[in-house]
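Quick caveat, the model's predicted, so the values are computed rather than measured. Protein chains get the first letters and strands the later ones, always in sequence-line order, with residue 1 at the start of each.
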Amino acid sequence: MINITFPDGNAREYEAGVDGLAIALSISKSLSKKAVALKVDGKLCDLSKALDDDAAVEIVLRDDEEAVELIRHDTAHIMAQAVQELFPGTQVTIGPVIEHGFYYDFDPKQPFSTEDFPKIEKKMREIVKRNDKFVREVWDRDVAIKYFKDHGEAYKAELIEDLPGDEEISVYRQGEWLDLCLGPHLPSTGKVGTAFKLTKLAGAYWRGDHNNPMLQRIYGVAFADEKSLKAHLFMLEEAEKRDHRRIGREMDLFHFQEEAPGSVFWHAKGWTLFLQLISYMRRRQMDAGYIEVNSPDMMEKSLWEASGHWEKFGDNMFTTQTPDDKTFCCKPMNCPGHVQIFKHGLKSYRDLPLKIAEFGKVHRYEPSGALHGLMRVRSFTQDDAHVFCTPEQITEECIKINTLMMTIYKEFGFEDVKIKFSDRPEVRVGSDEIWDKSEAALKAVLDAAGVEWELNSGEGAFYGPKLEYVLRDAIGRDWQCGTTQLDFNLPGRLGAFYIGADGEKHEPVMVHRAMFGSLERFTGILIEQHAGRFPLWLAPTQIVVAPIVSDADDYGVALQEKCLAAGLRCEIDLRNEKINYKVREHSHAKVPVMFVVGMREAEEGTVSIRRLGQKHSKVMSVEEAIAQMVIDTQAPDQV
RNA sequence: GCCGCUGUAGCUCAGUGGUAGAGCGCGUCAUUGGUAAUGACGAGGUCGAGUGUUCAAUUCACUCCAGCGGCACCA
C-alpha cells in the first residue's frame, strides 16, 4: 500500500501501482470525468501514470491553469498528425510549447504555404473529434531508432541517438499516429478542444544552426476555450496598433525607403523627439562627470585591423575606396576613435577615470533579414561612452554606471529592468587570464550593486564580458537597451597607456557603456510604450492652437507666438474647418494639448484648454495657461 | 543570409490578359461653425524594377530590389 496526500492535507492509502484516474474515481465520479492530468510532488504527469510510492498528488482539471500547457502540447501533436495525414512523406522533428501556443518543425517534400492552414486546421478538428487516447509507451532505444529510420523519420532517429544512454525513450500514440515525446499529455485528443489557430509559417534551421538544413515551422496558438483565444487575437490586434512603424507613419515621425534599406529618414516631428532624448542624456551625462567628444565617421581600415574589428566583423562593415586607393571604414563602433582621443597627449593616473562620451552615428551592414523598423537598422546613433580607468577603479565606476542606468530607465517609466551577464564567447581576443579577471570584476559589480541578474553564457563581446539591460515595455515585450562591457584588450591593442604613480607606463582598462543603446531603437520602444501619446516633454507638437471662427485667427496667432516665445512647441490650425473637425483631427494626431479660442476667449484674454483624452476643457487666462504648460513640459530630470 | 508571404494614388485597400477604381487625405469654392467628420466640385497612379511569353502584360513566367512574419546573426 502507498500513502497519497492531497492538497487539502487529507491522505489516503492505495494499492501500489494505482493510476491517477483510479484515484480521481475513488474521490468522486464527477472528478474523474473532469480530471485530465496529475501533479505528483509538484510535477505534471499523465492521468494514467501508475504510482508506486508515497506522493503528494493533485488532480489537474481541464480548466486549471496547468492544463493549458498540456492543451498546447497536444495541439502540436495533433497538428503534426494532421500534416502527415495531408502531406505524406513530410518528416516531423520537434514541436514544443511556447508562450500562448506551440510550434512544430517539419521537413516537407513540397513547401507549405499559409494557404494550407485552413486544410490543416480542418484535419486537426477531425482528429480532435476522433477522440483517440494518448497512450504512453516506453521503447527500447535501438527499437525506437530502427522504427523511426524505417519510417523515414531521420530527424527523430537522430534525436534519439543523441539522447543520453540512460534516458528512458517514451513514445505517445494517438490512434494510428505516434511521436517521440517526453509527455505528459491529456487523456485523449477530444479533451484538447478546438480553441486553436495556426498563425505563422516560418523557416527555422534544424537545431537552430544555420549550417543545417532549413525546416518549415508552423506556429499556432491554443487555449482552453474560444473566449480566451478570441481575447488573445484581440490583444494581438491592439498590439499592432502600437507598432512604431505604423505610428511613425501616422504621426509623420520618420520613413524608410528602398534606396536606404535600414536607414531612417527622420522627419521634423520624429527628429524633435530624437533631439529631446539627446538633450536629456547630455544633461544626465554632464552631471555624471562625462566629457563629450566627436570622432570621425570614417577611418582607415588599418585602424580597424589593429582593433580586431576587421577580423571579426569585416564582412559587416561599410567600406569606401578613396581615389588614392585607400580603404576607409564607416565606424561600426566609437571605441577606437575614443582611444585615439585618449592617446592624444600623455595621460597620468590623476586623469583617471576619464569618461569620454559621444552621440556617434555608427554603420553596420546588418543581414537583410534582421532589419526591423527602428529596432534593427544599419545606421544608428549610440549614446556611447568609454570610461578609461585603473583596474582598481573598475568596480566603483561600474556601480556608478549601473546606478545612472537605473535612474534613467525609471525616469522613462521602465520599472521592470532585467540584467543579463554575458561571459566569454568562443571567438575572442585576449588571454584566458585576462578574461578570468574581467569576468570576476563584472560579477563583483553585480554583487556590490545587489541587483538580480541572469547568466547569458558565451554571449560576451569578443573583447570582454558584458552586462545587458533588458527593458520590459507596456505590453510585456523585452528590449535590450543598455550595455556595460569590460575591456582589458582594446587599450593594449591600440597602444593606450597612462603614467602611474610609480612613474611607469600602465594600460588603462576601458569600460564601454551605452544606456539608451541605439537612440533609434529607444525611440521605437518609446513610441510603442506610449502608443504615440508621448509625455508632454517629449511630444513633437505640444500644443495646437485652434481658432473656432476666423475672426479669432489673429488672437490665435498672437497666442501661438506667446507659446513659442515661452519655448513651447506650438502649432496653429487656421484651416477653414469646424472646431469639431479640428478637435477630432488633432486628437487622432495625438497632440497632447489644444488651445481652443473663439470670440469669447479673444474678448476675455483667455484660452480653453483641452487635454488629449479628456472630454472637458478648462478655461484660463493666457498667462496662467502658458506658465502651467512651461511647468508641465519639463523633462523628468528638470523637475 | 535562409524559408514563406507581400508590393496598385500620400494612407488603407478593391480589381482586370485589351494601358485602372473606392474611402480617407490633398486642392478649389461655398459655409463662420463652441470641443472627435459641413457640403459641392477637382487634381492625383510608368500598377516596385528588369527580362521573357503573347497581336497585346498591372494581370502569366523568370530574375532582381524592398517590405512583412520567422530562423540565423547582432561589436
Side-chain angles (χ1 to χ4, degrees), chain A residues 103 105 108 111-116 199-219 243 245-246 249-250 252 255-262 304 307-317 331-336 362 364-373 375-378 382 384 425 427-429 459-464 466 468 480 483 485 487 490 512 514 517-518 546-553 576-588 594-601 608-617 619:
Chain A
Y103 68 76
D105 286 350
F112 309 131
S113 103
T114 44
E115 287 174 18
D116 298 321
T199 51
K200 291 182 275 197
L201 181 65
Y205 298 104
W206 168 234
R207 300 195 147 174
D209 185 338
H210 69 274
N211 297 308
N212 287 341
M214 178 158 277
L215 307 170
Q216 275 201 303
R217 174 173 298 177
I218 299 178
Y219 284 90
D243 189 306
R245 293 164 296 188
R246 175 185 176 140
R249 194 167 46 235
E250 287 170 356
D252 194 20
H255 86 268
F256 290 92
Q257 68 186 48
E258 284 197 16
E259 291 83 351
W304 302 101
S307 72
H309 288 95
W310 183 259
E311 195 195 347
K312 180 104 205 292
F313 291 108
D315 289 345
N316 300 308
M317 284 164 74
K331 66 175 172 188
M333 293 192 81
N334 301 299
C335 27
V362 296
R364 299 176 181 179
Y365 190 80
E366 302 287 4
S368 58
L371 303 179
H372 180 95
M375 303 306 194
R376 193 78 187 272
V377 287
R378 285 188 177 150
Q382 289 180 318
D384 203 5
V427 183
R428 57 179 183 263
V429 296
E459 298 291 319
F462 72 89
Y463 47 71
K466 63 183 179 184
E468 286 175 358
Q480 196 229 297
T483 161
Q485 304 172 6
D487 186 349
L490 202 58
H512 306 237
S518 150
I548 294 168
V549 292
S550 50
D551 284 345
D553 283 359
N576 176 12
E577 296 292 352
K578 291 188 175 175
I579 193 61
N580 279 325
Y581 184 88
K582 291 184 185 180
V583 166
R584 178 184 158 83
E585 185 149 293
H586 299 298
S587 298
H588 279 310
M594 288 186 72
F595 280 1
V596 177
V597 290
M599 291 318 290
R600 206 154 61 217
E601 286 77 9
S608 168
I609 304 168
R610 188 186 210 280
R611 297 219 176 211
L612 182 59
Q614 288 181 6
K615 285 264 175 278
H616 299 289
S617 50
V619 178

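For the P atoms, the distance linking rA20(B) with rG45(B) amounts to 13 Å, nearest Å.
The side chain of E577(A) has rU38(B) as its nearest neighbour among rA72(B), rU38(B), rA75(B). The side chain of N580(A) sits closest to rU35(B) out of rG33(B), rU35(B), rG1(B). Out of rA66(B), rG4(B), rG1(B), the shortest distance to the side chain of S368(A) is found at rG1(B). Nearest nucleotide to the R217(A) side chain, out of rC71(B), rA66(B), rG69(B): rC71(B). Of the candidates rA75(B), rA36(B), rG34(B), the closest approach to any side-chain atom of F462(A) belongs to rA75(B). Closest to the side chain of P332(A), out of rG4(B), rA66(B), rA75(B), is rA75(B). Between rA37(B), rA75(B), rG4(B), one nucleotide has an atom nearer to the side chain of R584(A) than all others, and that is rA37(B). For P367(A), taking side-chain heavy atoms from C-beta onward, the closest of the listed nucleotides rC65(B), rA75(B), rG1(B) is rG1(B). Counting only heavy atoms from C-beta on, I548(A) has its side chain closest to rG34(B) among rG67(B), rG4(B), rG34(B).
We find that CD of E259(A) is positioned 15 Å from P of rG48(B), with the value rounded to whole Å. One interatomic measurement links the two molecules: CD of E585(A) to P of rC24(B), which rounds to 13 Å at whole-angstrom precision. Rounded to whole angstrom, the span from the CE atom of M214(A) across to the P atom of rG1(B) amounts to 13 Å. Straight-line distance from the CG atom of D315(A) to the C1' atom of rC74(B): 14 Å, rounded to whole Å.
For E366(A) against rG1(B), no side-chain N or O and base N or O form a donor-acceptor pair under 3.5 Å. With hydrogens and angles ignored, a donor-acceptor pair under 3.5 angstrom links the side chain of R376(A) to the base of rC73(B). Residue Y205(A) places a side-chain atom within donor-acceptor reach of the base of rG1(B), judged by atom type and a 3.5 Å distance cut-off alone.
Nucleic acid contact for G308(A): none, since no nucleic acid atom lies under 4.0 Å from a heavy atom of the residue. E601(A) comes within contact range of at least one nucleobase, with a heavy-atom separation under 4.0 Å. Note on M594(A): nothing from the nucleic acid sits closer than 4.0 angstrom, heavy atoms only. Residue-level contact check: K331(A) touches neither bases nor backbone, having no heavy atom under 4.0 Å from any strand. Backbone-only engagement by I579(A) is indicated by non-hydrogen atom pairs under 4.0 Å involving sugar-phosphate atoms exclusively. At a threshold of 4.0 angstrom between heavy atoms, the contacts of D551(A) with the nucleic acid are absent. Here H586(A) lies out of heavy-atom contact (under 4.0 Å) with every strand. Across all strands, A461(A) comes closer than 4.0 Å only to sugar-phosphate atoms, never to a base (heavy-atom distances). Among the protein residues, Y463(A) comes within range of the sugar-phosphate backbone only, with heavy atoms under 4.0 Å from sugar or phosphate atoms but none that close to a base. Residue A202(A) is classed as a base contact, given a heavy-atom separation below 4.0 Å to a base. At a threshold of 4.0 angstrom between heavy atoms, the contacts of R245(A) are confined to the sugar-phosphate backbone, with no base atom among them. Backbone-only contact: Y219(A) has heavy atoms under 4.0 Å from sugar-phosphate atoms and none from a base.
Within 6.0 Å of atom NE2 in H255(A), more than 12 heavy atoms from other residues, nucleotides or ligands are found, so the atom counts as buried in its surroundings. Atom CD of E250(A) has more than 12 neighbouring heavy atoms from other residues, nucleotides or ligands inside a 6.0 Å radius. Around CD of E115(A), the count of heavy atoms belonging to other residues, nucleotides or ligands within 6.0 Å does not exceed 12.
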Any N/O pairs under 3.5 Å between the protein and nucleotides 9-14 of chain B? List them or say none.
from: rU12(B); atom 1: OP1; to: R249(A); atom 2: NH2; distance (Å): 3.0

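Judged by centroid separation below 5.5 Å and plane tilt below 30°, Y581(A) does not stack onto the base of rA37(B).
Across every non-hydrogen atom of P261(A) and L371(A), the tightest pair is C-CD1, 4.2 Å. The two residues Q485(A) and A461(A) have their closest heavy-atom pair at OE1-CB, 4.0 Å.
Checking the phosphate oxygens (OP1, OP2) of rG70(B), a side-chain nitrogen or oxygen of K200(A) falls inside 4.0 Å.
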Applying salt bridge (Lys or Arg N to Asp or Glu O under 4.0 Å), run through D209(A) and R207(A) and close with a yes or a no.
CA-CA 5 Å; D209(A) 185 338; R207(A) 300 195 147 174; over 6 Å; no
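Every residue two or more places apart in sequence or in another chain that forms a side-chain contact (heavy atoms from CB on, under 4.5 Å) with F462(A) is listed here: H309(A), K312(A), F313(A), V429(A).
Among the duplex regions that RNA chain B forms, those built from at least three successive Watson-Crick or G-U pairs under 3.5 Å are B:1-7 with B:65-71, B:10-13 with B:21-24, B:26-30 with B:38-42, B:48-52 with B:60-64, ordered by first number.
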